[in-house]
Amino acid sequence: MLELRNVWKSFNGQDVLRGLNLDVGQGEFVSFIGHSGCGKSTLLNVVGGLLDSDSGEVSLDGKAITAPGPDRAMVFQNYSLLPRLSLLANVREAAKAARPERSGGQTDEVVERYLTAVGLWEHKDKRPAQVSGGMQQRCAVARAFAVSPRLLLLDEPFGALDALTRARLQQQLVDLWQHESTTETVLMVTHGIDEAILLADRIVVMANPPSPSIIDIIPVDLPRPRDRTSIIDDPAFRMVQERLLALLTAEEPAAA
Amino acid sequence: MTLVHNRVPDADAEEAVAGPPAPTSRAGRRPRSRLAALPGAIGWATVGAAVFVAFWAMVARSSPDLPGPSEAFTALRKLLRYPFYDLGPNDKGIGIQLGVSLVKVFTGFVCAVLVGVPLGFLIGGSKRAWAAFNPIIQILRPVSPLAWFPIGLVVLKDVQHAATFVVFITSLWPTVINTAAGASSVPVDQKNVARVFKFGRAAYVRHVVVPHSLPSIITGMRLSMGIAWMVIVAAEMLAGNTGIGYFVWNSYNGGSLANVIAAIVTIGIVGVILDTAFMRLGKKVAA
Ligand SMILES: Nc1ncnc2c1ncn2[C@@H]1O[C@H](COP(=O)(O)OP(=O)(O)O)[C@@H](O)[C@H]1O
Ligand SMILES: [Mg+2]
């Protein structure tokens, strides 16, 4: 579905993406992990169409990605809701703009469905600043799903949240992805080893120079639905966890 | 915000607008301690006024042509007793004169907002428009708006319209510059949201640029209004015939310096009212 071929990207002479190759299949959930500055956000922005790569090919179903499109939606690390719009308007305006072919009624229906799914329908008239960070991030997730993207891109979506809120949101994300939407494929950047294993089918481990951009891709062979409490005792979970820890501690964090 | 709080100088309302220095004591920041500080503030204001009036009286005593405080106060009371009398073109109440000036100021100001805000969005939103217009604005901005009076006169062929035109020019620069500053500082993540979700130009301006720029637009408008109110007096001294500026000039020519001083006080009070109105508007918008 998504193909990256020999993708290069540099900022100020510093190679951030170094000949990166990756294939993501339809319906896959892929996590990206690595020390900060290794290019995870850059990679996501290239796939999202916010950034152009210097060279190489990025394509979705054989079509080159050159700009953002409604087949991809992003959830940003810092929520990035428009501060002067209500939660409802944040979701509705995004859905309207990205999917102009829908009728007003269809848009309203989708918006209500996802705001309800993330438990925000009763708070829909509040401004982002009037609700908690967790609620803002749920709104951002609802906004992304309301576009009905085929590919969902999440950049450390739960990084700033407390553990309890994070756990609940992870569950909501999986439910939405598996049952409530037409979204097939998810790419998620994360700092959390456990989060990556809990959610992903494969984990892409990225690194700073001089290592290649991708130093390993680890499959997670754990059946779904996954239960966050019992999964920790699964030997497969332990194996992946140890491998990730070994890889990440062996890598030097970026000097910057 | 209640009435009481607003009478006290506000520590955090000021941006580029001139204002009282922020209270150095931490007590000035919290509503409750502000209330507690109110008698003190009134007390100190009285002390300041007393010192000022005493100084003025001293100067007036040694300079016989300058009216003293009591003389000026009497003149002010007389002016305010019948503010709206109208005895022909050269003899109108101070209320009428103020009204005439306010109409000119608001006309020029509204025109400046209608032109300046869209122009500011254009300049703030496009690097090319910025490069094209910024040099002109930087050259014209420091010019005294009164220098535009002859041009207004030639183009509009009417002295009062020329005065309005001067107000327009006065109000234009702060409005354009502050709007552009707001429009050019849209955070990257809001821009990214607009790009990812395919906002069209109209939706982008309406939901991202305008809301983000609104506080600085109001600041620009507040600055504009402040300068416009200063400039109208001078413009009307040039233009003659009507307005508070003409009233000042006419009083001087008629030898009534007491009226000049009374007019100065009135102009100052109206200025404070205008400024307070915009400050409140700014707070409402920021909330
Ligand atoms: N727009 C940009 N301009 C210049 N340098 C950038 C830009 N975006 C990212 N970088 C640099 O690229 C490197 C990778 O950044 P990023 O992809 O954000 O890393 P990560 O998300 O993995 O922490 C960093 O060194 C960062 O400073
Ligand atoms: Mg990042």
Side-chain angles (χ1 to χ4, degrees), chain A residues 41 44-52 65-86 88-102 107 111 127-130 136 139-140 142-149 151-156, chain B residues 1 12-13 15 29 31 113 117-118 120-121 124-127 178-222 278-287:
Chain A
S41 298
L44 223 57
N45 287 339
V46 167
V47 175
L50 287 173
L51 269 180
D52 284 333
I65 288 174
T66 52
D71 47 0
R72 286 151 287 143
M74 287 183 93
V75 175
F76 303 90
Q77 175 167 20
N78 46 4
Y79 322 140
S80 294
L81 300 175
L82 300 177
R84 313 278 305 183
L85 296 184
S86 67
L88 176 70
N90 262 288
V91 178
R92 177 162 29 79
E93 293 306 327
K96 235 165 61 181
R99 293 287 183 193
E101 72 277 9
R102 284 181 187 151
T107 302
V111 169
R127 296 259 187 92
Q130 293 171 311
Q136 291 183 46
C139 184
R143 175 173 68 182
F145 274 105
V147 173
S148 307
L151 180 58
L152 183 64
L153 307 167
L154 304 135
D155 194 353
E156 296 185 32
Chain B
M1 175 139 298
D12 25 50
E15 293 156 57
R29 296 224 155 229
V113 169
V117 169
F121 281 145
S126 139
K127 287 211 172 72
N178 279 279
T179 306
S184 65
S185 65
V186 173
V188 179
D189 36 304
Q190 290 189 32
K191 285 186 192 164
N192 281 342
V193 166
R195 286 179 66 198
V196 163
F197 295 101
K198 293 286 194 185
F199 278 30
R201 178 156 284 273
Y204 179 63
V205 169
R206 180 161 160 228
H207 297 304
V208 181
V209 181
V210 171
H212 177 77
S213 319
L214 214 50
S216 53
I217 293 175
I218 304 285
T219 300
M221 285 165 65
R222 187 178 167 201
F278 274 96
M279 195 178 76
R280 288 205 189 169
L281 182 64
K283 275 193 183 168
K284 208 173 231 172
V285 164

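A, B, ... follow the sequence lines: proteins, then strands. Residue 1 opens every chain. Side chains are part of it too, since the values below use all heavy atoms of this structure and drop only hydrogens, waters and symmetry mates.
For the pair B:K191/A:L50, no side-chain contact is recorded, criterion being any heavy-atom separation below 4.5 Å from C-beta on. The closest side-chain heavy-atom distance from B:H212 to A:P83 is not below 4.5 Å. Within the 4.5 Å cutoff, no side-chain heavy atoms of B:D189 are placed close to those of A:Y79. B:V193 is listed as a side-chain neighbour of A:R143, based on a closest heavy-atom distance under 4.5 Å.
Looking at B:V285, the atoms closer than 4.5 Å to chain A (heavy atoms on both sides) sit in the backbone and in the side chain alike. Residue A:R99: no heavy atom, backbone or side chain, is found under 4.5 Å from chain B. Contact annotation for B:V196: both backbone and side-chain heavy atoms come within less than 4.5 Å of a heavy atom of chain A. Of the two parts of A:L85, only the side chain, counted from C-beta on, holds a non-hydrogen atom closer than 4.5 Å to a non-hydrogen atom of chain B. Heavy atoms closer than 4.5 Å to chain B are found in the side chain of A:N78, but not in its backbone.
The choice from A:A144, A:A98, A:P149, A:A94 that makes the most heavy-atom pairs within less than 4.5 Å of chain B is A:A94. In terms of heavy-atom pairs under 4.5 angstrom with chain B, the leader among A:M74, A:R72, A:E93, A:Q77 is A:E93.
Residues A:A73 and B:F197 approach most closely at CB-CE2, 4.3 Å, considering heavy atoms.
Between the side chain of B:K198 and the backbone N or O of A:P70, no donor-acceptor pair lies under 3.5 Å.
Separating the OH atom in B:Y204 from the CG atom in A:L82 is a distance of 10.0 Å, to the nearest 0.5 Å.
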